[in-house]
Amino acid sequence: MAENGRKEKIKWTTTIIISSSLKSYEVATALENRSHKIRYSDSVENGSIIFSLSGLAFLLMDAKECFISAEEIFLAKIEKFINIHQKSFLVLSAALHGPEEWKLMFRIQQRFLGSNLRILPVHNTVNAINLMCTMAKTASKPYTDSIYYRMITTEAYIIEQSPVWKTLQKLKLSSDSCNPN
């Protein structure tokens with residue numbers, strides 16, 4: 001604890017496996033600047049970023065590139081990605097998510113309905129990095145335990161303070177006093 005009574009912010013770092021195809025991109029540099037341990041790999045899908053401790057995998061795609069390439073090509077890439085990774089996210093980047101981009105996301109959703117793919121629309125690299133790091137951080141072990149504990153504590157507090165719960169307890173006590181079983 002800090003001397004002023006607030007918790008000190010602990011810098012969160014993790015190991016991230018990044019596709020070698022992203023080595024010269026801004027996203028890789030931004031993750032390196034956040035002091036994460038970066039490993040580049042040729043064996044992962046081009047455009048993918050994997051947070052190993054949390055088990056989250058992100059496939060970065062630009063909406064413009066999807067419009068240029070044949071639909072079968074980028075859909076095959078997504079399918080291969082989700083078949084490999086259990087917790088998979090498609091990070092679809094566009095400066096503005098207009099009607100064409102929303103139609104693209106809808107087509108992808110329809111194609112992979114019922115799969116483990118989640119689509120995350122982002123506008124820029126900073127937005128994508130913040131989103132991926134926040135999700136990976138909250139899905140990593142020490143943070144999931146902390147979140148679970150806080151949820152249990154909050155639930156107990158709500159139940160204790162609930163007027164409905166108090167009324168139910170009174171009703172149960174009064175029905176127990178009427179039934180001497």
Side-chain angles (χ1 to χ4, degrees), residues 1-2 6-69 71 73-98 100-102 104-105 107-109 111-112 115-151:
M1 293 273 264
R6 294 183 311 186
K7 287 185 181 178
E8 289 182 29
K9 260 198 162 177
I10 299 170
K11 189 164 178 83
W12 177 75
T13 58
T14 188
T15 301
I16 304 171
I17 301 165
I18 300 178
S19 166
S20 295
S21 65
L22 296 174
K23 203 171 204 171
S24 61
Y25 283 74
E26 185 182 358
V27 78
T29 307
L31 287 168
E32 285 176 358
N33 290 342
R34 288 189 174 205
S35 303
H36 293 294
K37 193 173 193 177
I38 306 296
R39 300 277 185 245
Y40 291 100
S41 175
D42 293 323
S43 62
V44 297
E45 186 67 38
N46 284 348
S48 62
I49 297 176
I50 302 160
F51 288 79
S52 55
L53 288 178
S54 59
L56 300 182
F58 298 91
L59 179 62
L60 304 180
M61 293 184 88
D62 192 318
K64 283 187 249 176
E65 291 175 12
C66 292
F67 294 133
I68 294 170
S69 68
E71 188 169 315
I73 294 172
F74 71 81
L75 290 177
K77 182 177 181 176
I78 295 168
E79 185 160 11
K80 181 180 176 187
F81 182 75
I82 64 173
N83 286 335
I84 295 169
H85 303 286
Q86 187 177 9
K87 299 176 190 170
S88 54
F89 297 88
L90 173 62
V91 180
L92 192 63
S93 179
L96 175 69
H97 292 284
E100 294 84 19
E101 288 80 8
W102 288 110
L104 173 66
M105 284 187 269
R107 284 198 323 266
I108 294 169
Q109 273 185 324
R111 170 65 177 82
F112 297 105
S115 73
N116 56 344
L117 179 71
R118 307 291 180 266
I119 301 173
L120 305 170
V122 297
H123 296 289
N124 53 44
T125 302
V126 173
N127 189 224
I129 295 292
N130 288 338
L131 182 68
M132 290 187 296
C133 287
T134 300
M135 291 175 68
K137 180 179 177 180
T138 57
S140 63
K141 182 70 174 143
Y143 289 93
T144 55
D145 291 345
S146 173
I147 291 168
Y148 178 75
Y149 174 75
R150 290 192 321 230
M151 287 176 65

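We number each residue from 1, following the sequence as shown. Computation of the quantities below employed the complete heavy-atom set of this structure, encompassing side-chain atoms and omitting hydrogens, waters and symmetry-equivalent molecules.
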Please name the pair of heavy atoms, one in [X] and one in [Y], separated by the smallest distance, quoted to 0.1 Å.
{"X": "Phe112", "Y": "Ile82", "value": "CD2-CD1, 3.4 Å"}
{"X": "Lys87", "Y": "Gly55", "value": "CB-O, 3.5 Å"}
{"X": "Val91", "Y": "Ala128", "value": "CG1-CB, 4.1 Å"}
{"X": "Ile50", "Y": "Ala57", "value": "CG1-CB, 4.1 Å"}
{"X": "Cys66", "Y": "Leu92", "value": "SG-CD1, 4.3 Å"}
{"X": "Ala95", "Y": "His123", "value": "O-ND1, 3.2 Å"}

What distance do [X] atom [atom1] and [Y] atom [atom2] have between them, rounded to the nearest 0.5 Å?
{"X": "Glu100", "Y": "Met105", "atom1": "CD", "atom2": "CE", "answer": "11.0 Å"}
{"X": "Asn46", "Y": "Lys77", "atom1": "CG", "atom2": "NZ", "answer": "5.5 Å"}
{"X": "Ser48", "Y": "Leu60", "atom1": "OG", "atom2": "CG", "answer": "8.0 Å"}
{"X": "Asp42", "Y": "Ser21", "atom1": "CG", "atom2": "OG", "answer": "9.0 Å"}
{"X": "Ser54", "Y": "Met135", "atom1": "OG", "atom2": "CE", "answer": "9.0 Å"}
{"X": "Leu31", "Y": "Lys37", "atom1": "CG", "atom2": "NZ", "answer": "15.5 Å"}

Backbone N/O of [Y] and side chain of [X]: donor-acceptor pair under 3.5 Å:
{"X": "Asn116", "Y": "Ser88", "value": "no"}
{"X": "Ser41", "Y": "Ile17", "value": "no"}
{"X": "His85", "Y": "Leu117", "value": "no"}

Derivation of the side-chain contact (heavy atoms from CB on, under 4.5 Å) call for Leu104 and Phe74: CA-CA 11 Å; Leu104 173 66; Phe74 71 81; 3.5 Å; yes
For Glu32, does the CD atom have more than 12 heavy-atom neighbours from other residues, nucleotides or ligands under 6.0 Å away?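 Above 12, so yes.
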Quick check: do Arg34 and Cys133 have side-chain heavy atoms less than 4.5 Å from each other?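 The answer is yes, as the side chains (C-beta and beyond) meet within the 4.5 Å cut-off.
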Name of the residue among Asn83, Ile108, Ile73 meeting side-chain contact (heavy atoms from CB on, under 4.5 Å) with Ile78: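 When Asn83, Ile108, Ile73 are each tested with Ile78, the side-chain contact (heavy atoms from CB on, under 4.5 Å) holds only for Ile108.
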Under the rule for salt bridge (charged side-chain N to carboxylate O under 4.0 Å, His left out), what residues qualify as partners of Glu45, not counting sequence neighbours?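 Once residues adjacent in sequence are excluded, the partners of Glu45 under the salt bridge (charged side-chain N to carboxylate O under 4.0 Å, His left out) criterion are Lys80.
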Qualifying ring pair (Phe, Tyr, Trp, His ring centres under 6.0 Å) pairs with a residue from residues 35-68, counting only residues at least two apart or across chains: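 Listed once each, the pairs are Trp12-His36, Phe51-Phe58, Phe58-Phe89.
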